[in-house]
2 protein chains.
Amino acid sequence: MIRVAVNGYNVIGRRVADAVTAQKDMELVGVAKTRPDYKAELALKKGYRVFAADEKGRKSFQAAGVACSGLSREMSSLADIVVDATPEEVGVANKEMYSDLGKSAIFQGGEEHDVAGLSFVAQCNYEKARGRKFVRVVSCNTTALCRVLNALDQAFEVERARVVIARRGADPDEYKKGPIDSVVLDPSTIPSHHGPDVNTVLPNFPVITMAMKIPTTHMHLHSLIVTVKDKGISDSRVLENLWRTPRLMFVDSGKQGFKSTANIVDYAREIGRPRSDIYESVIWEDSVKAIDNEIYLFMAVHQEAIVIPENIDAIRAMVGKEDKEQSMQMTDQSLGIRSSPK
Amino acid sequence: MIRVAVNGYNVIGRRVADAVTAQKDMELVGVAKTRPDYKAELALKKGYRVFAADEKGRKSFQAAGVACSGLSREMSSLADIVVDATPEEVGVANKEMYSDLGKSAIFQGGEEHDVAGLSFVAQCNYEKARGRKFVRVVSCNTTALCRVLNALDQAFEVERARVVIARRGADPDEYKKGPIDSVVLDPSTIPSHHGPDVNTVLPNFPVITMAMKIPTTHMHLHSLIVTVKDKGISDSRVLENLWRTPRLMFVDSGKQGFKSTANIVDYAREIGRPRSDIYESVIWEDSVKAIDNEIYLFMAVHQEAIVIPENIDAIRAMVGKEDKEQSMQMTDQSLGIRSSPK
């Protein structure tokens, strides 16, 4: 059994903790949190051991009468590997502690590539994480793009990809963030950081991204425009290639009635996904269009969930024995992700 | 004086009526409306003669005690030209009436190209409207795109333009329409209707559009990716060309602090534009980027206002004497649009 600790228990940490618990070859040592809020109470109800981020945090747990098993350092020392899901820039500050303890650690996409030296998307570079002490799982948009762009590149050789990303303004529980009723350029300059971030996984991949924030909370929406060197592409050839690609979900606007991101969230609730989570990059089949040697498509990304399978696979790649196919299959089965091909 | 009647008094009609009133060479005969609502009352307060769309409408005006000068047919007979700003598909149904009366008429972009046989954007094809009985002013997105794409084509020869359009879900007063908190593909298939609509003004122009609706009410946001044949482009060459193009407004995210569409609306209110109207295609200067022979930029479009100058110019092109430059200058001066170059 791989002993996993989860440091940080918010959007990603909570999901990783549940996903670790769902793996037959992993054991959750505990989760660490800064505050004894309702999220801590729910973790205790699930039977998770809850640790405080620091001494000050421990006192606030005591004051609130919420059980605390110690500090995150103690939790980390009990684990083979720590998934660091703390906020941006806190992860890099924790790195020294993991090093001191001789523990492996996985950081999230909010940290810079240099925190680990390897940025990870399972289907792109699983084997490169083998035996590494530190790995960074890239952010939601980068994960989604790497899955799809890598597949298109393998099949048709990408000459240039351009992606316009309409980002959800805030997660559903972030009640202070905007925008309301406006589009925020994110940033106004081109490219956005997403293209260069794809290059941390797929070096030198020719991709240019433009991003904006809009008043939604549930998913990002990507518009892809990809020129390929293969002059013989067609809608069906592109689709067949994507169908064979892991961790994509396909929806259709006509027959199935997926008119919007709202329908995808509704679907995830209806099939009983925990927290309505969608781990797949969601592609509208009826949007896939080949015009000359250019591929067009729409893709939706559930920002809170898409990196969860990657965190699980990164654990196995770093401290487990399974190869890429074995690990991805185990992860997918535990989370209810269909195995490809479609 | 050109006698102008405005049939339909909602988003476009109200603005055209005010713009006609602001022209030295035009006279507003009256406006026609279906219902005696607050918009009718405001028109009367401005001193406009208000006509009913039909007999049923006249009775509802009488019942409400709102002054009514007759039917839209009578209004049309008093005019040299009618600007038809009725809802989609009502315009085409009115065409027979205008023909019967021997009146010229301008239709809006909600109607098909065939309603008039000429789709109009002043700076692209003013002279083609000369002496025509019927002209169609294209919709907001098409107008904005034609201005910019035509300018880029003249300067650098466009090989292929791709545009991702994030459409405002509803106008500010459309309280029944959505979406709330989701992105609606509009449609999921590619291209959206906007590309073909550009081709009604610029035949065979190589443009492919993808569109979505988002939860905003104030502006559309276009992401442009334009490949040109000119291999010697640069950020500054592209900008200099755009600066020379009429009816564009330039904003900057850094120095000026235009971070979002909300800032543009706020700016329009602050400079005292009626109804906060923005008649220009608004381009973020700091977004303009040349990568190899590809141009990238963000553009915002005020859906309620951008076609107003085009309606005024179409009137002069059809029944006036001024040439393109004269008419555009008169229109721009009356509406407070800066004269190019920047």
Side-chain angles (χ1 to χ4, degrees), chain A residues 160 162-166 168-169 172 178-191 206 208 210-225 227 251-254 258-266 284-292 294-298 300, chain B residues 160 162-166 168-169 172 178-191 206 208 210-225 227 251-254 258-266 284-292 294-298 300:
Chain A
R160 173 168 289 179
R162 310 128 189 118
V163 188
V164 178
I165 306 177
R168 64 87 185 87
I180 291 175
D181 202 9
S182 66
V183 179
V184 181
L185 300 188
D186 188 36
S188 58
T189 51
I190 293 159
I208 291 155
M210 311 170 74
M212 66 193 80
K213 280 197 292 193
I214 61 171
T216 61
T217 63
H218 286 290
M219 299 188 94
H220 304 301
L221 199 285
H222 291 221
S223 303
L224 276 78
I225 300 161
T227 306
V251 298
D252 173 89
S253 160
F258 287 92
K259 307 289 186 192
S260 74
T261 53
N263 299 113
I264 298 173
V265 175
D266 190 53
W284 269 269
E285 264 184 15
D286 46 347
S287 77
V288 174
K289 183 85 186 161
I291 301 177
D292 303 326
E294 222 156 88
I295 299 165
Y296 296 75
L297 64 85
F298 286 119
Chain B
R160 173 169 289 178
R162 312 126 189 120
V163 187
V164 177
I165 306 176
R168 64 88 184 85
I180 291 175
D181 201 10
S182 67
V183 179
V184 181
L185 300 189
D186 189 34
S188 57
T189 50
I190 293 158
I208 291 155
M210 311 170 73
M212 67 192 80
K213 280 196 293 194
I214 61 172
T216 61
T217 62
H218 287 288
M219 299 190 94
H220 304 302
L221 198 285
H222 291 220
S223 303
L224 275 78
I225 300 161
T227 308
V251 298
D252 173 90
S253 160
F258 287 92
K259 307 289 185 193
S260 74
T261 53
N263 299 113
I264 298 172
V265 175
D266 190 55
W284 268 270
E285 263 183 14
D286 47 347
S287 78
V288 174
K289 183 85 187 161
I291 302 178
D292 303 326
E294 222 156 87
I295 299 165
Y296 296 75
L297 63 85
F298 286 119

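Values below: every heavy atom of this structure, side chains too, minus hydrogens, waters and symmetry copies. A note on names: the letters A, B, ... follow the listed sequences, proteins ahead of strands, and every chain is numbered from 1.
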Query raised in the report: So which heavy atom on B/Asp286 is nearest to which on A/Ser188, and how close?
Result: OD2-OG, 2.8 Å
Requested in this report: With a 4.5 angstrom heavy-atom cut-off, could you sort out which part of B/Pro179 is near chain A: side chain, backbone, both or neither?
Outcome: neither
Report task. State which residues pass ring pair (Phe, Tyr, Trp, His ring centres under 6.0 Å) with A/Phe298; sequence neighbours excluded, sorted by chain then number. Result -> none
**Report entry** Region of B/Ile165 in contact with chain A, defined by heavy-atom distances below 4.5 Å
**Finding:** neither
Query raised in the report: Got a sec, which residues hit salt bridge (Lys or Arg N to Asp or Glu O under 4.0 Å) with A/Asp186, two or more places apart in sequence or on another chain?
Result: A/Arg167
**Report entry** Minimum heavy-atom distance B/Ser223-A/Val164, with the two atoms named
**Finding:** OG-CG1, 3.4 Å
Query raised in the report: Measuring heavy-atom distances to chain A, does B/Ala290 have an atom under 4.5 Å in its side chain, in its backbone, in both, or in neither?
Result: neither
Query raised in the report: Just how far is it from atom CG of A/Asn263 to atom OG of B/Ser182, taken to the nearest 0.5 Å?
Result: 7.5 Å
**Report entry** Part of A/Leu221 lying under 4.5 Å from any heavy atom of chain B
**Finding:** side chain
Query raised in the report: Side chain, backbone, both or neither: which part of A/Met219 has an atom under 4.5 Å from a heavy atom of chain B?
Result: neither
Report summary line: Per-residue tally against chain A (heavy atom, under 4.5 Å) across B/Ser287, B/Gly169, B/Ala300 peaks at B/Ser287
Report task. Select, from A/Thr261, A/Ile225, A/Asp252, A/Val184, the one with the greatest count of heavy-atom pairs under 4.5 Å involving chain B. Result -> A/Thr261
Query - Selection from A/Pro215, A/Ser253, A/Ala262, A/Pro191 maximising heavy-atom pairs under 4.5 Å formed with chain B - result: A/Pro215
Query - B/Leu297 versus A/Met210, closest heavy-atom pair with distance - result: O-CE, 3.6 Å
Report task. Specify which of A/Arg162, A/Lys213, A/Lys289, A/Lys259 makes the most heavy-atom pairs with chain B at under 4.5 Å. Result -> A/Arg162
Query - Structural part of B/Arg168 lying under 4.5 Å from a heavy atom of chain A - result: neither
Query raised in the report: Once you round to the nearest 0.5 Å, how far does CD1 of A/Ile208 lie from CD of B/Glu294?
Result: 6.0 Å
Query raised in the report: A/Ile214 versus chain B, heavy atoms under 4.5 Å apart: side chain, backbone, both or neither?
Result: side chain
**Report entry** Which atom of B/Asp181 lies closest to which atom of A/His218, heavy atoms considered
**Finding:** OD2-CD2, 3.2 Å
